[in-house]
**Q** 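Take a look at the following structure, please.
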2 protein chains.
Amino acid sequence: MGLAKTEMFTDQQNEISLFAKVFGHPARVAILQHLFKINSCFCGDLVNEIGLAQPTISQHLKELKHLGLIKGNVEGTSVCYCIHQENWTAMKTVMIEFLNQDLTENQDCC
Amino acid sequence: MGLAKTEMFTDQQNEISLFAKVFGHPARVAILQHLFKINSCFCGDLVNEIGLAQPTISQHLKELKHLGLIKGNVEGTSVCYCIHQENWTAMKTVMIEFLNQDLTENQDCC
DNA sequence: AATTTTAATCGTAATATTGCAATGTATTAA
DNA sequence: TTAATACATTGCAATATTACGATTAAAATT
(Lines give C-alpha, C1' and ligand atoms only; values in the text may rest on other atoms or scores of the structure.)
Protein backbone atom coordinates (compact mmCIF):
# COMPACT_ATOMS: atom_id res chain seq x y z
CA MET A 1 0.00 0.00 0.00
CA GLY A 2 2.60 2.52 1.04
CA LEU A 3 0.42 3.60 3.94
CA ALA A 4 1.47 3.09 7.54
CA LYS A 5 -1.42 1.66 9.54
CA THR A 6 -1.04 4.06 12.45
CA GLU A 7 -4.10 2.72 14.25
CA MET A 8 -2.38 -0.58 14.98
CA PHE A 9 0.48 1.03 16.88
CA THR A 10 0.70 2.88 20.17
CA ASP A 11 0.69 6.67 20.31
CA GLN A 12 4.27 6.52 21.50
CA GLN A 13 5.36 4.37 18.57
CA ASN A 14 3.63 6.70 16.13
CA GLU A 15 5.17 9.75 17.77
CA ILE A 16 8.68 8.30 17.63
CA SER A 17 8.29 7.39 13.98
CA LEU A 18 6.98 10.84 13.09
CA PHE A 19 9.96 12.53 14.72
CA ALA A 20 12.34 10.05 13.14
CA LYS A 21 10.80 10.49 9.71
CA VAL A 22 11.53 14.20 9.72
CA PHE A 23 15.19 13.42 10.45
CA GLY A 24 15.15 10.83 7.68
CA HIS A 25 16.38 13.23 5.02
CA PRO A 26 19.88 14.72 5.07
CA ALA A 27 18.65 18.12 3.93
CA ARG A 28 16.51 18.47 7.04
CA VAL A 29 19.40 17.28 9.22
CA ALA A 30 21.60 19.89 7.54
CA ILE A 31 19.00 22.62 8.03
CA LEU A 32 18.69 21.83 11.73
CA GLN A 33 22.45 21.67 12.25
CA HIS A 34 22.84 25.02 10.53
CA LEU A 35 20.13 26.58 12.66
CA PHE A 36 21.85 25.26 15.78
CA LYS A 37 25.19 26.63 14.63
CA ILE A 38 24.03 30.01 13.35
CA ASN A 39 21.22 30.28 15.87
CA SER A 40 18.82 31.88 13.41
CA CYS A 41 18.89 32.57 9.73
CA PHE A 42 16.87 33.52 6.69
CA CYS A 43 15.41 31.02 4.33
CA GLY A 44 17.62 32.36 1.56
CA ASP A 45 20.75 31.66 3.60
CA LEU A 46 19.69 28.04 3.86
CA VAL A 47 19.17 27.85 0.10
CA ASN A 48 22.76 29.00 -0.38
CA GLU A 49 24.09 26.82 2.43
CA ILE A 50 22.38 23.57 1.44
CA GLY A 51 22.41 23.84 -2.34
CA LEU A 52 18.87 22.76 -3.12
CA ALA A 53 16.35 24.92 -4.94
CA GLN A 54 14.36 27.46 -3.00
CA PRO A 55 11.01 25.65 -3.27
CA THR A 56 12.65 22.46 -2.02
CA ILE A 57 14.15 24.16 1.03
CA SER A 58 10.84 25.87 1.66
CA GLN A 59 9.11 22.52 1.61
CA HIS A 60 11.58 20.99 4.08
CA LEU A 61 11.19 24.01 6.36
CA LYS A 62 7.44 23.56 6.23
CA GLU A 63 7.74 19.98 7.48
CA LEU A 64 10.07 20.95 10.29
CA LYS A 65 7.74 23.78 11.26
CA HIS A 66 4.69 21.53 11.06
CA LEU A 67 6.26 19.17 13.59
CA GLY A 68 7.03 22.19 15.76
CA LEU A 69 10.80 21.79 15.77
CA ILE A 70 11.45 25.23 14.26
CA LYS A 71 9.66 28.55 14.15
CA GLY A 72 9.70 31.24 11.52
CA ASN A 73 9.52 34.96 11.99
CA VAL A 74 8.63 37.29 9.14
CA GLU A 75 11.02 40.23 8.89
CA GLY A 76 10.19 42.40 5.96
CA THR A 77 10.45 40.32 2.82
CA SER A 78 12.51 37.68 4.59
CA VAL A 79 11.58 34.95 7.04
CA CYS A 80 13.92 34.24 9.90
CA TYR A 81 13.94 30.65 11.10
CA CYS A 82 15.20 29.23 14.36
CA ILE A 83 14.95 26.16 16.57
CA HIS A 84 11.86 25.93 18.77
CA GLN A 85 13.75 25.15 21.94
CA GLU A 86 10.92 23.87 24.13
CA ASN A 87 9.60 21.54 21.45
CA TRP A 88 13.09 20.37 20.56
CA THR A 89 13.70 19.46 24.20
CA ALA A 90 10.39 17.60 24.40
CA MET A 91 11.21 15.67 21.24
CA LYS A 92 14.66 14.91 22.57
CA THR A 93 13.19 13.38 25.70
CA VAL A 94 10.98 11.03 23.68
CA MET A 95 13.73 10.00 21.29
CA ILE A 96 16.45 9.51 23.87
CA GLU A 97 14.12 7.37 25.98
CA PHE A 98 13.61 5.19 22.92
CA LEU A 99 17.33 5.02 22.14
CA ASN A 100 18.24 4.28 25.76
CA GLN A 101 16.12 1.17 26.04
CA ASP A 102 18.11 -1.48 27.79
CA LEU A 103 18.15 -5.17 27.23
CA THR A 104 17.00 -7.34 30.06
CA GLU A 105 19.78 -9.17 31.86
CA ASN A 106 19.29 -12.32 29.76
CA GLN A 107 21.66 -13.16 26.99
CA ASP A 108 20.71 -12.54 23.42
CA CYS A 109 20.08 -15.34 20.95
CA CYS A 110 23.01 -15.03 18.60
CA MET B 1 12.67 13.57 -8.19
CA GLY B 2 12.14 11.72 -4.94
CA LEU B 3 15.86 11.12 -4.70
CA ALA B 4 17.97 12.44 -1.87
CA LYS B 5 21.15 13.97 -3.25
CA THR B 6 23.45 12.30 -0.75
CA GLU B 7 26.61 13.66 -2.38
CA MET B 8 25.76 17.20 -1.32
CA PHE B 9 25.66 16.34 2.38
CA THR B 10 28.29 15.30 4.90
CA ASP B 11 28.82 11.66 5.79
CA GLN B 12 27.52 12.44 9.24
CA GLN B 13 24.33 14.00 7.90
CA ASN B 14 23.74 11.03 5.64
CA GLU B 15 24.40 8.59 8.45
CA ILE B 16 21.98 10.34 10.80
CA SER B 17 19.28 10.38 8.16
CA LEU B 18 19.76 6.69 7.37
CA PHE B 19 19.36 5.73 11.02
CA ALA B 20 16.40 8.05 11.40
CA LYS B 21 14.72 6.71 8.30
CA VAL B 22 14.67 3.18 9.69
CA PHE B 23 12.92 4.49 12.81
CA GLY B 24 10.51 6.40 10.60
CA HIS B 25 7.95 3.62 10.51
CA PRO B 26 5.98 2.58 13.59
CA ALA B 27 6.21 -1.11 12.71
CA ARG B 28 9.99 -1.01 12.95
CA VAL B 29 9.79 0.93 16.21
CA ALA B 30 7.41 -1.71 17.52
CA ILE B 31 9.68 -4.55 16.39
CA LEU B 32 12.67 -3.00 18.13
CA GLN B 33 10.74 -2.32 21.32
CA HIS B 34 9.51 -5.90 21.36
CA LEU B 35 13.02 -7.23 20.85
CA PHE B 36 14.25 -5.08 23.72
CA LYS B 37 11.43 -6.28 25.95
CA ILE B 38 11.49 -9.97 25.04
CA ASN B 39 15.25 -10.00 24.41
CA SER B 40 14.98 -12.32 21.43
CA CYS B 41 12.12 -13.81 19.50
CA PHE B 42 11.12 -15.63 16.38
CA CYS B 43 9.91 -13.87 13.29
CA GLY B 44 6.52 -15.57 13.70
CA ASP B 45 6.10 -14.08 17.16
CA LEU B 46 6.57 -10.64 15.66
CA VAL B 47 3.95 -11.33 13.01
CA ASN B 48 1.47 -12.16 15.79
CA GLU B 49 2.62 -9.29 17.98
CA ILE B 50 2.54 -6.54 15.35
CA GLY B 51 -0.38 -7.63 13.21
CA LEU B 52 1.07 -7.13 9.75
CA ALA B 53 1.42 -9.89 7.19
CA GLN B 54 4.45 -12.16 7.35
CA PRO B 55 6.12 -10.81 4.20
CA THR B 56 5.71 -7.28 5.49
CA ILE B 57 7.35 -8.09 8.82
CA SER B 58 10.08 -9.97 7.00
CA GLN B 59 10.76 -6.90 4.89
CA HIS B 60 10.99 -4.62 7.93
CA LEU B 61 13.32 -7.10 9.62
CA LYS B 62 15.48 -7.08 6.53
CA GLU B 63 15.88 -3.32 6.69
CA LEU B 64 16.76 -3.39 10.38
CA LYS B 65 19.26 -6.15 9.74
CA HIS B 66 20.73 -4.35 6.75
CA LEU B 67 21.48 -1.34 8.94
CA GLY B 68 23.02 -3.72 11.48
CA LEU B 69 20.66 -2.93 14.34
CA ILE B 70 19.45 -6.52 14.71
CA LYS B 71 20.83 -9.94 13.99
CA GLY B 72 19.06 -13.14 13.08
CA ASN B 73 19.92 -16.66 14.04
CA VAL B 74 18.49 -19.66 12.19
CA GLU B 75 17.15 -22.30 14.55
CA GLY B 76 15.58 -25.15 12.70
CA THR B 77 12.77 -23.78 10.59
CA SER B 78 12.59 -20.62 12.66
CA VAL B 79 14.76 -17.53 12.74
CA CYS B 80 15.49 -15.95 16.08
CA TYR B 81 16.04 -12.19 16.01
CA CYS B 82 17.66 -9.98 18.59
CA ILE B 83 19.21 -6.54 19.01
CA HIS B 84 22.81 -6.16 17.82
CA GLN B 85 24.03 -4.51 20.98
CA GLU B 86 27.36 -3.09 19.78
CA ASN B 87 25.82 -1.58 16.68
CA TRP B 88 22.86 -0.25 18.62
CA THR B 89 25.22 1.50 21.02
CA ALA B 90 27.21 2.98 18.14
CA MET B 91 24.03 4.23 16.50
CA LYS B 92 22.86 5.65 19.81
CA THR B 93 26.06 7.67 20.15
CA VAL B 94 25.58 9.27 16.74
CA MET B 95 21.91 10.03 17.25
CA ILE B 96 22.20 11.37 20.78
CA GLU B 97 25.04 13.66 19.73
CA PHE B 98 22.73 15.05 17.07
CA LEU B 99 19.82 15.44 19.48
CA ASN B 100 22.00 17.05 22.13
CA GLN B 101 23.20 19.89 19.97
CA ASP B 102 23.03 23.06 21.97
CA LEU B 103 22.18 26.53 20.88
CA THR B 104 24.85 29.13 21.18
CA GLU B 105 24.33 31.57 24.02
CA ASN B 106 22.63 34.12 21.71
CA GLN B 107 18.91 34.59 21.74
CA ASP B 108 16.77 33.08 19.03
CA CYS B 109 14.96 35.21 16.46
CA CYS B 110 11.34 34.70 17.43
C1' DA C 1 2.72 52.99 -9.17
C1' DA C 2 6.33 50.05 -10.91
C1' DT C 3 10.12 47.20 -9.68
C1' DT C 4 12.70 44.32 -6.80
C1' DT C 5 13.32 40.99 -3.21
C1' DT C 6 12.08 37.05 -0.57
C1' DA C 7 9.67 33.17 0.24
C1' DA C 8 5.32 30.31 -0.16
C1' DT C 9 2.46 27.56 -3.11
C1' DC C 10 1.07 24.91 -7.22
C1' DG C 11 1.69 21.41 -10.46
C1' DT C 12 4.06 17.65 -11.95
C1' DA C 13 7.70 14.18 -12.91
C1' DA C 14 10.78 10.90 -10.86
C1' DT C 15 11.60 7.88 -7.33
C1' DA C 16 10.88 5.47 -2.82
C1' DT C 17 8.09 3.10 0.51
C1' DT C 18 4.61 0.07 2.16
C1' DG C 19 1.75 -4.01 2.14
C1' DC C 20 0.52 -8.39 0.70
C1' DA C 21 -0.68 -12.57 -2.36
C1' DA C 22 1.83 -15.92 -4.49
C1' DT C 23 5.74 -18.50 -4.63
C1' DG C 24 10.27 -20.38 -3.37
C1' DT C 25 13.46 -22.54 0.06
C1' DA C 26 15.16 -24.97 3.85
C1' DT C 27 14.39 -27.67 7.82
C1' DT C 28 11.69 -30.79 10.59
C1' DA C 29 8.06 -34.31 11.24
C1' DA C 30 5.45 -38.14 9.85
C1' DT D 1 9.60 -39.64 0.56
C1' DT D 2 5.87 -36.64 1.63
C1' DA D 3 3.87 -33.22 4.20
C1' DA D 4 4.15 -29.47 7.30
C1' DT D 5 6.33 -25.43 9.23
C1' DA D 6 8.74 -21.09 9.18
C1' DC D 7 10.56 -17.68 6.76
C1' DA D 8 12.50 -15.22 2.53
C1' DT D 9 11.74 -13.49 -1.99
C1' DT D 10 9.20 -11.89 -6.00
C1' DG D 11 5.98 -9.09 -8.25
C1' DC D 12 2.88 -5.66 -8.15
C1' DA D 13 -0.55 -2.07 -6.71
C1' DA D 14 -1.31 1.90 -3.77
C1' DT D 15 0.62 5.66 -1.68
C1' DA D 16 4.28 8.91 -0.11
C1' DT D 17 8.34 11.63 -0.81
C1' DT D 18 11.49 14.55 -3.18
C1' DA D 19 12.83 18.08 -6.39
C1' DC D 20 12.07 21.98 -9.06
C1' DG D 21 10.03 25.26 -12.75
C1' DA D 22 6.44 28.40 -12.84
C1' DT D 23 3.65 31.26 -10.44
C1' DT D 24 1.81 33.91 -6.66
C1' DA D 25 1.95 36.92 -2.50
C1' DA D 26 3.69 40.36 0.39
C1' DA D 27 6.73 43.74 1.78
C1' DA D 28 10.52 47.08 0.62
C1' DT D 29 12.61 50.11 -2.61
C1' DT D 30 12.74 53.23 -6.35
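Note that the structure is a prediction, hence the values are computed from the model and not measured. Letters go in sequence order (proteins before strands), and every chain restarts at 1.
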**Q** Just wondering, do B/F9 and A/I50 contact through their side chains at under 4.5 Å, heavy atoms?
**A** yes

**Q** If you go through the side-chain atoms of A/Q59, does one of them form a donor-acceptor pair with the base of C/dA8 closer than 3.5 Å?
**A** no

**Q** Roughly, in whole Å, what's the span from CG in B/L61 to P in D/dA6?
**A** 16 Å

**Q** Do A/N100 and B/I96 have side chains that get closer than 4.5 Å, going by heavy atoms?
**A** yes

**Q** What is the distance, to the nearest angstrom, from the CG atom on B/L52 to the C1' atom on C/dA21?
**A** 15 Å

**Q** At under 4.0 Å, does any side-chain N or O of A/H60 touch on OP1 or OP2 of D/dA19?
**A** yes

**Q** Given atom CG of A/L46 and atom C1' of C/dA7, what is their separation to the nearest angstrom?
**A** 12 Å

**Q** Going by heavy atoms in the side chains, are B/F36 and B/Q33 under 4.5 Å from each other?
**A** no

**Q** Using whole Å, what does the distance between atom C1' of nucleotide D/dA16 and atom CG of A/L18 come to?
**A** 13 Å

**Q** Does the side chain of A/T77 get closer than 4.0 angstrom to OP1 or OP2 of C/dA7 through an N or O atom?
**A** no

**Q** Using a cut-off of 4.0 Å on non-hydrogen atoms, how would the nucleic acid contact of A/S78 be classed: base, sugar-phosphate, or nothing?
**A** sugar-phosphate

**Q** Round to a whole Å and report the spacing from CD of A/E75 to P of C/dT5.
**A** 19 Å

**Q** C/dT17 phosphate, OP1 or OP2: any side-chain N/O from B/K21 under 4.0 angstrom?
**A** yes

**Q** Consider the side chain of B/F42, meaning its heavy atoms from C-beta on, and name the nucleotide among D/dC7, D/dT18, C/dA7 that approaches it most closely.
**A** D/dC7

**Q** What is the separation between atom CD1 on B/I50 and atom C1' on D/dC7, rounded to the nearest whole Å?
**A** 16 Å

**Q** So, taking the atom named CG in A/L35 and the one named SG in A/C41, what distance separates them when rounded to the nearest 0.5 Å?
**A** 5.0 Å

**Q** For the side chain of A/P55, counting heavy atoms from C-beta on, which of D/dA19, C/dA22, C/dT9 is nearest?
**A** C/dT9

**Q** Figure out the CG/P separation between A/L64 and D/dT17, and round it to whole Å.
**A** 14 Å

**Q** Taking the side chain of A/K62 as its heavy atoms from C-beta onward, which of C/dT9, C/dT18, C/dT17 lies nearest to it?
**A** C/dT9

**Q** Supply the atom-to-atom distance B/E97 CD to B/L99 CG, rounded to the nearest 0.5 angstrom.
**A** 10.0 Å

**Q** Is the phosphate of D/dA19, meaning OP1 or OP2, less than 4.0 Å from a side-chain N or O of A/H25?
**A** yes

**Q** Using only heavy-atom distances, decide whether a donor-acceptor pair under 3.5 angstrom links the side-chain of B/Q54 to the base of D/dA8.
**A** yes

**Q** Send over the distance from A/N73 CG to C/dA8 P, rounded to a whole Å.
**A** 12 Å

**Q** Start at the 5' end of DNA chain D and walk down; is the nucleotide closest to A/G24 or to A/V74 reached first?
**A** A/G24

**Q** Please check the phosphate of C/dT6 (OP1 and OP2 only) for any side-chain N or O of A/Y81 closer than 4.0 Å.
**A** no

**Q** If you assign each of B/V79 and A/A53 to its closest nucleotide in DNA chain D, which residue comes earlier from the 5' end?
**A** B/V79

**Q** So A/E15 and A/F19, do their side chains get closer than 4.5 Å, heavy atoms only?
**A** yes

